[in-house]
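Below is one structure, written out as structure tokens, with a few remarks after it.
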Protein chains: 2
Amino acid sequence: MNKRENKQLRGVITREKILTKALELFKKRGYNKVTVDEIILASETSKGSFYQHFPSKASIFLYQFSKADEYYTEISKNIPNDLSELTKIEYFSLEVLDFLDKDMGKELMRVIYSSAIESNEHTFFINANRPLFKIIRTYIEKAFSNNEIKNGYSLDEVYTTLIQGIMGIIYHWGINNNITSLKQVGQPLLSAIIIGFKTPSNIITSTEEKPSY
Amino acid sequence: MNKRENKQLRGVITREKILTKALELFKKRGYNKVTVDEIILASETSKGSFYQHFPSKASIFLYQFSKADEYYTEISKNIPNDLSELTKIEYFSLEVLDFLDKDMGKELMRVIYSSAIESNEHTFFINANRPLFKIIRTYIEKAFSNNEIKNGYSLDEVYTTLIQGIMGIIYHWGINNNITSLKQVGQPLLSAIIIGFKTPSNIITSTEEKPSY
DNA sequence: TAAAATACTAGACTGTGGTCTAATATTAAT
DNA sequence: ATTAATATTAGACCACAGTCTAGTATTTTA
């Protein structure tokens, strides 16, 4: 190993020590109970090192979320091909929910959802999800090609509707303390939305029967 | 005025001074930019007084939300009676969104949604909304009586689905920086959900065609 | 190999929301 | 009217995430 690697190595090792210890502590005592000072004490490093390697306490916790994209791609590959595109969307979304529940966990999801809304630096949330967004968008495009969407919505409307639905499912599950699985609580909304897309709406109904709004 | 009123008065006046000045500052410079020290300076009070009258900085901002319930009841009274119950739900929900957008504003909604998910003290969010929840539940019950719900969902499923949808709409709007109105971005999801409720689902489809999940 | 540039580390310091305690004002009890 | 109980106020203090600066180690340039 040459000098260059050695040099990077010092940092990499420190970073790794911090990351490991931090995640260990978060797991043991919960994210909110663990302080940065504790992490640097346990990992025998310093404030300076901590913030050299991580931009915030949250980022180190959120780091776990980076495997998500990888997994989404995996899920999408394993979807039976004989399903309609809309059914694929439902199937895929439910698998995503299952993954978030079982592999990521409620506490992490809460931290993700709260940091996304409490600051304008939700770049991560929006960007890191790109693969998720792209996968969904691709399905929608195909659904349009196959004429599966019959309620007159545009691609963007369908897309936004789905994202709103998924976010609503996760947010609602996040603030509730019951132990029902995310997949289970999310299934009805997803189904209803998909059915909504499939069902031709009476144009007269939506423009004349309810003219007041 | 007797002694008792006088005594309460001192506190009430202080409380009012803090509240007024705080909301004024929040409005002028934004919630996050205003510090508690600034508020007590501007209102000529003290830390002790501030926390005597308010449990947190957020609570003083969230205070504005207390008129919400009142307004929800008002909306529900003014809904045309010749609409179907499901249409009423859609109408009502859209009016709620309109109110939250125009009267409450995005910053307040973000603070509400972030404090609800970042601590377990979201009692307020859940409880203060009771009237909203009750109104929606009542509509749903009537919709069931009128046989408007044809997709086989239980009352709780319909209820949860709607709440998830509404929360999703608000959350999604909250993290996005575009200026589209909440009502406008929420309309498609609400419509799709309602259509989903109305549309009989093929029972065989949901239990046999997709047995793998 | 000397000098310059860069990465890394340590820990003092800051900003800010929130707590605690002691003092004072007000009300209630006797 | 005295005393006890309670509400209110002031501001020192604490906790904790995050910043800043000075110093050290490593790498690159020449």
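Naming convention: chains lettered A, B, ... in sequence-line order (proteins, then strands); numbering from 1 in each chain.
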Roughly, in whole Å, what's the span from [atom1] in [X] to [atom2] in [N]?
X: R10(A); N: dT26(D); atom1: CZ; atom2: C1'; result: 7 Å
X: K33(A); N: dA17(D); atom1: NZ; atom2: P; result: 14 Å
X: I13(A); N: dT9(C); atom1: CD1; atom2: C1'; result: 14 Å
X: I18(B); N: dT8(D); atom1: CD1; atom2: C1'; result: 11 Å
X: I40(A); N: dG18(D); atom1: CD1; atom2: P; result: 13 Å
X: E118(A); N: dG17(C); atom1: CD; atom2: C1'; result: 13 Å

Heavy atoms only: give me the nearest [X]-[Y] pair and the separation to one decimal.
X: W173(A); Y: K106(A); value: O-NZ, 3.1 Å
X: I169(A); Y: L182(A); value: CG2-CD1, 3.6 Å
X: A42(B); Y: L25(B); value: CB-CD1, 4.1 Å

ask   = Between E24(B) and K27(B), is the closest basic N to carboxylate O distance under 4.0 Å?
value = no

Between [Y] and [X], is there a side-chain heavy-atom distance shorter than 4.5 Å?
X: Y113(B); Y: Y113(A); value: no
X: F26(B); Y: L108(B); value: no
X: T160(A); Y: P188(B); value: no

Residues in contact with DNA chain D, drawn from residues 51-62 of chain B - heavy-atom cutoff 4.0 Å =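 Those residues whose heavy atoms fall under 4.0 Å from DNA chain D, taken from residues 51-62 of chain B in numerical order, are Q52(B), H53(B).
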
note = Heavy-atom contacts, protein to nucleotides 10-15 of chain D, under 4.0 Å, summarised as B (base), S (sugar-phosphate only) or - (none) per nt, yield BBB---

inquiry  = How long is the straight-line distance from CD of E16(A) back to NE2 of H53(A), given to the nearest 0.5 Å?
reply    = 10.5 Å

query = Which value, rounded to the nearest 0.5 Å, describes the distance between L189(A) atom CG and L189(B) atom CG?
reply = 6.5 Å

ask   = Between Y71(A) and F99(A), how do the two ring planes meet: parallel, tilted or perpendicular, split at 30° and 60°?
value = parallel

message = Does anything in residues 23-31 of chain B come within less than 4.0 Å of DNA chain C? Heavy atoms only, and list the residues if so.
response =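 Residues of residues 23-31 of chain B under 4.0 Å from DNA chain C: none.
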
query = Do Y63(B) and F54(B) have ring centroids that are under 6.0 Å from one another?
reply = no

